[in-house]
Structure formats: structure tokens, C-alpha cells
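Naming: A, B, ... by sequence-line order, numbering from 1 per chain. Computed from a predicted structure; not experimentally measured. FYI, side chains are in, hydrogens and waters are out, and symmetry mates aren't considered; it's all heavy atoms of this structure.
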Amino acid sequence: MSGKYTFLATSCKNCVNTECLVKRSVLTEQDDFFSSLKTEISCKKGQQFIIEGAPVNGLFFILKGKVKVYRTGINGKEQIVRFAKEGEIIGHRGFGTEEYYSIGAIALEDTVLCYYSKNSLQQKLKSNATFTYDMMLFYANELNRSEAKLKTISQMTVRERVVDSLLYIHRKFKDYNGFLNLQLSRREYADYAGTTEEQVIRVFSALKKESLIFTKGKKIGITNITLLKKEISEHNYYLDL
DNA sequence: TCATTAATCTGTA
DNA sequence: TACAGATTAATGA
């Protein structure tokens with residue numbers, strides 16, 4: 001971890017983030033002590049808060065903001081593993097037996113994170129079955145999604161992968177004023193879809209010509225989501241995760 | 001505001 | 001698919 005952090009202090013009790021696993025499962029037991037164990041970390045847009053290869057000491061929960069999780073590939077190319085929003089967990093793959101992070105994470109906008117040490121989490125997981133169960137469901141989902149993504153990358157054409165990425169961003173982050181509620185560069189789309197920047201640009205302009213999407217600078221809007229979904233589902237690769 | 005840097009797009013091999 | 005160059009947007013002093 002690097003850079004300057006701003007530390008705030010919000011109790012989980014007063015937290016507005018109802019999607020958070022800690023908020024949902026732990027606070028029901030009237031135990032505000034656990035929420036005092038967290039560290040609140042605020043990071044600016046573009047700031048990296050997990051570095052590949054750094055030792056794992058705990059787990060991050062996103063209180064507010066959006067994040068990308070990536071892994072550096074063979075030729076130094078960045079492969080984006082997933083995007084995450086409020087309430088999601090970051091760094092969980094290293095939580096069990098791994099000693100070092102196999103992924104890096106960067107804030108895509110100003111983000112506030114709640115950080116729990118390995119120790120305090122392990123204790124809570126052992127004593128609170130609801131929390132453990134919720135965590136298990138989360139891990140199962142992640143595994144499912146990551147296997148689906150492997151299929152996507154290995155079996156779809158470039159165009160299908162780009163369309164798939166757009167649909168993924170759409171169902172995860174929804175629209176805001178008609179545009180996707182997450183601004184990504186063409187390079188980031190490429191890194192997620194497993195292709196190059198130029199390919200993404202070309203697919204985007206093709207989709208624009210076909211009136212399936214529209215763009216305004218970095219902002220992208222989906223005109224016809226039904227047709228976009230159809231492109232993927234025709235090949236039976238579309239998974240609503 | 002202007003200059004510098006980054007991002008986007010197009011042409012071509 | 002990859003590279004180079006042109007154009008446009010974003011950033012910072």
C-alpha cells in the first residue's frame with residue numbers, strides 16, 4: 001500500500017451501506033465492538049490500494065465508490081478481473097491460505113474502504129454463522145463468475161466480448177442520465193474483454209453505426225439492450241451474473 | 001488561461 | 001492484429 005490515506009470514523013451502526021456483509025450479518029447481534037475494529041480508508045480516483053505481491057493482512061469492504069481489480073499478465077498487460085461497487089469485498093482471494101495478493105486494486109473514483117484485519121475477521125467468522133454463510137455465498141458466486149468469464153474469453157469473438165463487457169457494466173452499475181454509471185477508458189474495456197484498445201474503439205464505432213449504443217466522450221449509453229443481449233444469447237454464452 | 005500529457009480514433013501494413 | 005500518426009480531451013501550473 002502506498003500514498004496518503006485519510007482516516008475517518010463511521011460506525012457500522014450509522015452506515016448507509018445496506019449491501020455490506022458486515023452491516024447485514026454482524027450488526028444484528030448488537031455488537032458494535034466489531035465495527036470499532038475496522039479502519040476506514042479514503043482513497044482518491046486512480047489510487048492503488050492493493051499491490052500485487054504485497055502481503056495479505058486483511059480484507060477490504062467498499063463503503064462508497066468503485067474499484068477495478070486486475071492481474072498483470074505475461075507480457076505486462078493488465079487483465080481486469082472484475083469491477084466492484086459499494087458493499088463488495090476486495091482482496092478475498094488472498095484471505096485464506098495465500099500470503100500475498102495475486103491481484104492489484106485501483107479506485108476508479110474517490111472511494112472509501114473499510115479495512116478489517118485478518119485476525120478480527122477470523123474470530124468473527126468462527127462465532128457468527130450467518131456472517132460465515134454470507135461470505136461462503138459470496139465466494140461461491142465469485143467462483144461461478146470467474147469460470148463464466150474464462151469461457152467468455154476463450155470462446156467468444158472480439159465483438160462478442162466487447163458487447164459482453166458493456167452488458168456486464170450495465171447490469172452491475174446501471175444507467176445514470178442515460179449513460180452507463182461507470183466511466184471507463186477504451187483501454188479498460190479492452191483489459192476486461194481481453195482485447196486491445198483499437199479493437200474496442202472499432203467495435204464501439206460499429207455499434208454506434210448500428211444504433212445499438214451512443215457515446216459522448218468517455219460516456220457510453222446503451223440504445224438497444226435487447227438487441228445487444230441477443231448478440232450474446234444467440235451463442236448461448238450470456239450468463240446473467 | 002495556456003501548455004503539456006493522455007486518450008481516442010483512423011489509416012495502413 | 002499491430003503500429004504510427006493525427007486529432008481531441010483532460011489535467012495541472
Please list each protein N or O that sits under 3.5 Å from an N or O in nucleotides 1-8 of chain B, with the distance.
{"residue": "B:dT8", "atom": "OP2", "partner": "A:Arg186", "partner atom": "N", "Å": "3.1"}

Qualifying salt bridge (Lys or Arg N to Asp or Glu O under 4.0 Å) pairs, either residue in residues 108-123 of chain A, two or more places apart: A:Lys66-A:Glu109

Covered region of DNA chain C, 5' end to 3' end, by chain A [heavy atoms, under 4.0 Å]: C:dT1 to C:dC3

Nucleotide N/O of nucleotides 11-13 of chain B paired with protein N/O under 3.5 Å:
{"residue": "B:dG11", "atom": "N7", "partner": "A:Arg202", "partner atom": "NH2", "Å": "2.8"}
{"residue": "B:dG11", "atom": "O6", "partner": "A:Arg202", "partner atom": "NH2", "Å": "3.2"}

Hydrophobic cluster (4.5 angstrom, side-chain heavy atoms) - remaining members for A:Phe179: A:Phe214

Donor-acceptor side-chain pairing of A:Tyr70 and A:Gln48 below 3.5 angstrom: yes

Partners meeting side chain to side chain contact (heavy atoms under 4.5 Å, CB included) with A:Ser205 (sequence neighbours left out): none

Nonpolar side-chain network containing A:Tyr133, other nodes, edges under 4.5 Å: A:Met136, A:Leu137

A:Glu88 (side chain) donor-acceptor with A:Lys85 (main chain) under 3.5 angstrom: yes

ring-ring contact (aromatic ring centres under 6.0 Å, His included) partners of A:Tyr189, counting only residues at least two apart: A:Phe204

Donor-acceptor contact present, side-chain A:Thr195 to main-chain A:Ala190, <3.5 Å: no

5′-ward residue of the pair A:Thr196/A:Lys45 relative to DNA chain C: A:Thr196

Side chain to side chain donor-acceptor pair (under 3.5 Å) involving A:Thr72 - partner list, sequence neighbours excluded: A:Glu52

Residue pairs passing the salt bridge (Lys or Arg N to Asp or Glu O under 4.0 Å) test where at least one lies in residues 176-196 of chain A, sequence neighbours excluded: A:Lys68-A:Glu188, A:Arg187-A:Asp191, A:Arg187-A:Glu197

Results of side chain to side chain contact (heavy atoms under 4.5 Å, CB included) for A:Lys174 - residues two or more places apart only: none

Side-chain donor/acceptor of A:Ser120 to backbone N/O of A:Ser117, under 3.5 Å: yes

Five-pair end axes of the helix from B:dT1-C:dA13 to B:dA13-C:dT1 and the angle they enclose, rounded to 10°: 10°

